[in-house]
Amino acid sequence: MNLQLNPEDLAFRDEVRAFLKANLSPEVIYRSRTEVHPPNEDDRRWWNGVLNKKGWAAPSWPKQYGGPGWTPIQRHLFEMECRLAGAPELRWQGLRLIGPVICEFASEALKKRYLPPILEGTEQWAQGFSEPGAGSDLASLKTTALLEGDEYVVNGQKLWTTEAGYSELGFFLVRTDTTSKHGGISMLIIDMKSPGVTVRPIEMINGDVSTYEVFLDNVRVPKGNLIGEPGSAWTQTKFLLANERTSSADIDKAQGDLRRIRDIARKTQKNGRPLLEDPVFRQQLAQLELEVEALDWAVLRVLCNAPSHHPVAASASVLKIRGSQLQHKLTRLAVDALGLRSLRLYSREDAFGASASDAWPELVPGVMVDHLYMRACTIYGGATEVQKNIIAKQAFGL
Amino acid sequence: MDFDFSDEQKMLTDSAARYVRERCDLDSRRKAAKTPDGFSRQHWAHFAQQGWQALTLPEAHGGLGLDMVDMAILMEELGRGLVAEPLVDSTILCGELLVSSRNEAVASELLPLLASGDALLALAHRENDGRCEYDTQVTARAKPVEQGWILNGSKHQVFYGNAATHLVVSAEISGEMGYNLFVLDVTSPGITMDVYPLIDGTRAADIHFSEVAVPPSAQIHSAGSAAKAMDSAVNNAIVALSAAALGSMEAVMAMTADYLKTREQYGQPLAKFQALKHRMAEMLVETEQARAMLFCALAALQGSDMQERRHAVSGLKVLMAQAGLFVAGQGIQLHGGIGVTEEYAVGHHYKALMVFEKRFGDSDFHLARRAQLLT
């Protein structure tokens with residue numbers, strides 16, 4: 001057992017810090033730290049390219065496909081440093097979800113066509129999983145893809161397809177066989193500009209649009225765009241999720257949130273003194289800071305495959321539950337710290353720095369919309385209640 | 001960084017788990033609670049054979065020289081079995097105070113006895129007015145005389161004071177600032193005690209010192225080093241007791257899951273009800289966070305930054321107590337009526353966790369300390 005970071009890891013962290021310091025401008029940092037959803041798309045694509053030149057764009061990919069060959073701990077340190085430095089958060093769908101699946105399961109032709117633009121950030125992806133009738137019970141999805149000659153003809157409707165409105169490509173779960181529930185599902189790559197693809201924005205409670213409905217109406221897709229064998233998408237989906245076992249803990253965001261709360265509390269007055277000196281507030285912040293610290297160590301334990309009394313699937317669900325609960329609490333404490341000012345609704349332009357004044361300082365925009373947006377985090381990626389079912393079964397055989 | 005157990009650590013876990021499985025059933029615990037000691041001398045002797053009292057003590061003085069990670073591994077297993085023997089009080093808390101002492105003579109005399117289990121030490125530090133070891137005002141006085149001191153004063157609720165062979169006593173030397181620590185044979189003339197049971201079946205004592213002659217050789221820490229040594233020793237004690245608390249939580253979850261599978265109502269096992277399954281899942285979420293925090297504190301103990309240690313240990317104390325009482329409380333609830341009976345283990349774990357929460361500064365104290373350390 002060695003509970004300290006190795007010297008190589010510490011040196012790695014220093015290297016990452018220096019790189020971030022040299023490459024991020026104050027404007028980019030400011031926009032990222034507002035936590036406005038969705039983030040500035042230009043910043044994300046630009047940053048994707050910058051990291052790619054350094055060979056750091058795809059930490060979770062195998063080295064032969066362009067991954068940097070880091071250990072899980074190094075990936076974790078990298079992501080934490082990026083968040084704390086105010087780097088734009090890269091789009092997940094290509095780099096973290098479909099990229100590793102293509103590396104693992106797709107044909108050479110698909111790898112050659114689709115992997116390089118993901119690394120460069122020039123093609124962004126949408127994840128077409130949920131449907132109106134298939135949310136938590138994903139396997140009841142109804143979108144069909146029927147083979148006609150060399151093409152699949154796709155019909156159906158997808159829901160909660162995040163960032164679909166400005167994505168070049170999508171990976172969709174489709175039913176290629178209607179006789180088997182899990183075994184009839186395949187993963188298909190669809191060009192979002194194909195005839196028959198209609199994208200409709202969904203305005204969310206944060207007052208912005210980050211997710212979409214996608215209608216697929218006789219969309220014709222080359223047969224070769226199916227990943228692996230027909231009917232193997234369930235295995236691929238499990239692989240995709242196992243690859244991201246700790247990311248749903250959102251630990252780097254939680255650490256960033258703690259910093260934001262401190263910043264607000266230092267600059268906000270209560271009874272003529274900084275809020276950070278108020279004993280009741282300090283107690284609340286201390287409790288959350290402690291819960292984040294524990295979550296951080298829980299993430300480290302999963303990353304290191306620490307011996308456990310319970311299966312790793314249960315541990316991953318534990319991280320998702322606690323991480324998302326903490327997002328609710330942290331973003332709420334940030335709102336509370338800000339008080340009345342948190343109620344102002346900003347346009348995206350104003351939020352990204354156009355409106356700052358003494359009365360409305362730069363730390364105001366984004367706080368409330370982040371909280372509102374984050375109400376979704378206990379719902380997306382497997383709702384809390386679904387995670388609890390998983391734990392009860394995996395850890396206790398219930 | 002890795003969390004893997006070494007072969008020696010695996011052996012330690014296995015032997016402790018086996019002992020708990022074979023010998024630490026609830027009946028034996030309930031019987032021991034009814035003896036005057038409040039714990040089992042048989043267990044204590046067996047621990048000594050296994051070298052558990054010696055685990056963290058220095059090899060030069062008959063110890064095994066292992067560290068707090070090993071101690072935590074042992075304590076988690078013992079916690080599963082509601083082990084109430086004073087391993088932590090005697091060898092971690094008081095042992096650490098002896099190890100950090102510059103009084104070589106007393107250390108080399110007592111540490112081997114501590115390691116073999118022949119000596120049992122209890123800490124007599126807190127007084128009537130203090131809520132915990134951290135905030136107590138030491139009013140016990142050691143008046144210098146030609147050979148050593150004369151001690152007068154009272155110590156409140158000394159855990160295992162009834163069974164101790166020696167006491168580590170804090171007292172101010174007249175005319176000095178800050179307390180000293182002395183180690184006294186419990187049979188020294190002038191020491192009297194009122195013994196009473198605690199909710200977990202162990203005993204504590206209010207101990208009175210009246211004109212007790214304290215020889216010069218009894219001083220293990222002067223005012224210059226006592227508080228720092230105490231801080232360190234209490235840190236270690238909290239970490240070791242936290243590991244035992246974690247064992248309690250694992251035991252509660254295991255027995256509750258078993259119960260849900262066997263108990264039937266409305267024509268089906270309780271395990272079929274989603275509300276109950278979800279409660280179990282919540283218990284694991286809390287337990288896993290507490291376990292993570294244990295490793296955070298163990299990592300901090302390996303470092304030399306005192307502030308960082310306090311920060312991590314206080315965090316551990318808060319989270320483990322919050323999680324522990326939640327888990328054991330839910331364990332009782334899911335058992336229904338039998339959960340609140342004396343003959344069923346889940347309620348005993350709840351009591352053990354309540355004792356843990358109150359000792360060495362309660363959750364409020366440690367959360368306030370974390371709040372103070374916020375920057």
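Just so we're on the same page: letters track the sequence lines, and every chain starts at 1. Computation of the quantities below employed the complete heavy-atom set of this structure, encompassing side-chain atoms and omitting hydrogens, waters and symmetry-equivalent molecules. Bear in mind that the values here come from a model prediction, so they are computed numbers and not experimental data.
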Item to complete: Return yes when atom CG of A:D137 has more than 12 non-hydrogen atoms of other residues, nucleotides or ligands closer than 6.0 Å, and no otherwise.
Response: yes
Worksheet entry | Side-chain heavy-atom pair B:Q274, A:N389 within 4.5 angstrom cut-off | yes
Discussion item. Distance check, rounded to the nearest 0.5 Å: A:Q287 atom CD versus B:S363 atom OG?
Written reply: 9.0 Å
Response to the item:
Applying a strict 4.5 Å limit to non-hydrogen atoms, the region of A:A395 in contact with chain B is side chain
Response to the item:
Max heavy-atom pairs within cutoff under 4.5 Å with chain B, candidates A:V318, A:L319, A:I390, goes to A:V318
Fill in: Residues B:Q289 and A:E291: side-chain donor-acceptor under 3.5 angstrom
no
Discussion item. Counting only non-hydrogen atoms closer than 4.5 Å, does B:V69 touch chain A with its backbone (N, CA, C, O), its side chain (CB onward), both, or neither?
Written reply: side chain
Worksheet item: Under the criterion side chain to side chain contact (heavy atoms under 4.5 Å, CB included), which of A:N2, A:N305, A:L300 is the partner of B:F3?
Response: A:L300
Worksheet entry | Selection from B:K261, B:R279, B:H278 maximising heavy-atom pairs under 4.5 Å formed with chain A | B:H278
Practice prompt. Tell me, with the steps shown, if A:Q4 and B:M1 meet side-chain contact (heavy atoms from CB on, under 4.5 Å).
Written response: CA-CA 6 Å; A:Q4 313 295 331; B:M1 184 176 262; 5.9 Å; no
Worksheet item: Are A:M1 and B:S6 close enough that some pair of their side-chain heavy atoms sits under 4.5 Å apart?
Response: no
Worksheet item: Is A:K270 atom NZ crowded by more than 12 heavy atoms from other residues, nucleotides or ligands, each under 6.0 Å away?
Response: no
Item to complete: Run the salt-bridge test on A:R322 and B:E288 with the 4.0 Å N-O cut-off and return the result as yes or no.
Response: no
Worksheet, complete the sentence: Against chain B, residues from residues 5-14 of chain A with at least one heavy atom under 4.5 Å, in numeric order, are A:L5, A:N6
Worksheet item: More than 12 foreign heavy atoms under 6.0 Å from NZ of B:K272: is that the case here?
Response: no
Worksheet item: If you tally heavy-atom pairs under 4.5 Å against chain B, which of A:A298, A:P279, A:P307 wins?
Response: A:P307
Discussion item. Are A:L398 and B:M280 packed together at the side-chain level, in the sense that at least one heavy-atom pair is separated by less than 4.5 angstrom?
Written reply: yes
Response to the item:
Value for NZ (A:K388) from CG (B:L284), rounded to nearest 0.5 Å, stands at 12.0 Å
Worksheet, complete the sentence: Value for CG (A:L295) from SG (B:C296), rounded to nearest 0.5 Å, stands at 12.0 Å
Fill in: More than 12 heavy atoms of other groups within 6.0 Å of B:M306 CE
yes
Worksheet entry | Distance-minimising heavy-atom pair for A:F396 and B:A281 | CE1-N, 4.5 Å
Worksheet item: Of all of A:A294, A:S317, A:A392, which one pairs up most often with chain B through heavy atoms under 4.5 Å apart?
Response: A:A294
Item to complete: Under the side-chain contact (heavy atoms from CB on, under 4.5 Å) rule, what do A:I391 and B:V285 come out as? Steps first, then yes or no, please.
Response: CA-CA 9 Å; A:I391 294 173; B:V285 171; 4.1 Å; yes
Discussion item. Would the distance check show the side chain of A:R262 and the main-chain N or O of B:T375 forming a donor-acceptor pair, the cut-off being under 3.5 Å?
Written reply: yes
Practice prompt. Would you name the heavy atoms of B:L374 and A:A286 that are closest together and state the gap between them?
Written response: CD1-N, 4.0 Å
Item to complete: With a 4.5 Å cut-off on heavy-atom pairs, point out which of B:M293, B:K277, B:R370 contacts chain A the most.
Response: B:R370
Discussion item. A quick test of your reading: do over 12 heavy atoms of other residues, nucleotides or ligands sit less than 6.0 Å from NZ of A:K238?
Written reply: no
Worksheet item: Among A:D296, A:L285, A:I73, which residue forms the greatest number of heavy-atom pairs with chain B at distances under 4.5 Å?
Response: A:L285
Fill in: Greatest number of heavy atom pairs closer than 4.5 Å to chain B - which of A:H310, A:Q325, A:Q284
A:H310
Worksheet entry | CH2-CG distance between A:W297 and B:L316, expressed to the nearest 0.5 angstrom | 12.0 Å
Discussion item. Does any backbone or side-chain atom of A:I321 lie under 4.5 Å from a heavy atom of chain B? Answer side chain, backbone, both or neither.
Written reply: side chain
Worksheet item: Can you tell if the side chain of B:Q372 reaches within under 4.5 Å of the side chain of A:R282, non-hydrogen atoms only?
Response: no
Item to complete: Check each atom of B:E250 against the heavy atoms of chain A and say whether the ones under 4.5 Å are side chain, backbone, both or neither.
Response: side chain
